[in-house]
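Every number for a ligand or one of its atoms is a count from 1 in the order of the listing. Keep in mind that what you see is a predicted model, and the values were worked out from it rather than measured.
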Amino acid sequence: MWILEIYQSKQGEGLWTGKYSIFVRTLGCALRCRYCDSPYAQQNRTENENDNEGIGANLSAEEIVGRILLLELPHVVITGGEPMQAPEIVELTRLLKDFDYQITIETAGIFDAPVLCDLMSISPKLSNSTPLKTTKSKSQSTSTSLNHEQNRFKPEVIQNLMFRYNYQLKFVVDTPNDLDEIEKYLNLFQGVVPERVFLMPQAVDVNTMTEKALWIVPFCERHGYQYCPRMQIIWYGNKRRT
Ligand code: SF4
């Protein structure tokens, strides 16, 4: 399983904000979100590929757990990239449970697998995530946008994850237009618990986050959703491994 980095920090988003955690960042993602906060984790690698580019390491579940054990915290966040696209995640979560770890999985909700976890943190990708078409290498940019648009929404996967796991739905909100789309989106699913819906401003600095909060917070209050500031930006700034 390709792993980009393993580090400890504080969970900055959602239900378990503030929890000291070990973050396992997998390498590879099927999407190319416009606002991706970890583009360095998008590159897809094949299982037997040599690490010629010095990016990440291909580790067994035992090797990953061995590194996690050194950090001595009880909560593991498996993030990416898209961790649910790696088949080995099933074995990894089973092994972590043998050691009694509490597990969060952070996913875009486009792959399903019989993992074990305590919180399935689903970040559905709205139309605001689709990369813009650029004039540079137009055909490549168009195919990236098309591929993203075709793959970003898998309602059957999201509904199944919601049924099987303790879940949260975490939306990235960029403009007021997104609020209407979120309402329509949530109406497609059964059993949505409003307190499990988190709206997070698309921002990489505190000022932008504060400005967007002015219209996101009242919307959350009206619908029983939770406003979700990206606390890692407030605590550490827009830095990697936080
Ligand atoms: S799904 Fe996540 S890792 Fe993949 S491109 Fe989107 S934001 Fe980045």
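Here the side chains of Tyr167 and Arg196 are in contact, with some heavy-atom distance below 4.5 Å. Looking at Tyr236 and Lys10, their side chains come closer than 4.5 Å, going by heavy atoms from C-beta outward.
Residue contacts with ligand 1 for Glu82 are absent, since no atom lies close enough (heavy atoms, distance under 4.0 Å).
For atom 8 (Fe) of ligand 1, the closest heavy atom belonging to the protein is Cys36 SG, 2.3 Å. In this structure, the protein non-hydrogen atom closest to atom 1 (S) of ligand 1 is Cys29 SG, 3.6 Å.
Between Tyr101 and Phe99, the two ring planes are tilted [angle within 30° to 60°].
Contact between Gln42 and ligand 1 is present, with at least one heavy atom of the residue lying under 4.0 Å from the ligand.
With distances taken over non-hydrogen atoms, the option nearest atom 2 (Fe) of ligand 1 out of Ala108, Gly81, Gly109, Pro131 is Gly81.
Here the OH-CG distance, from Tyr40 to Leu27, works out to 11.5 Å after rounding to the nearest 0.5 Å.
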Apply ring-ring contact (aromatic ring centres under 6.0 Å, His included) to residues Phe171 and Tyr185 and explain how you reach the verdict.
CA-CA 11 Å; Phe171 290 93; Tyr185 189 103; 5.4 Å; yes

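Taking backbone and side-chain atoms together, Cys33 has no N/O/S atom less than 2.8 Å away from atom 4 (Fe) of ligand 1.
Judged by distance alone, with hydrogens and angles left aside, the side-chain atoms of Arg230 form no donor-acceptor pair with the main-chain N or O of Met200 at under 3.5 Å.
Each of the following atoms of ligand 1 lies closer than 4.0 Å to a heavy atom of Leu31: 5 (S).
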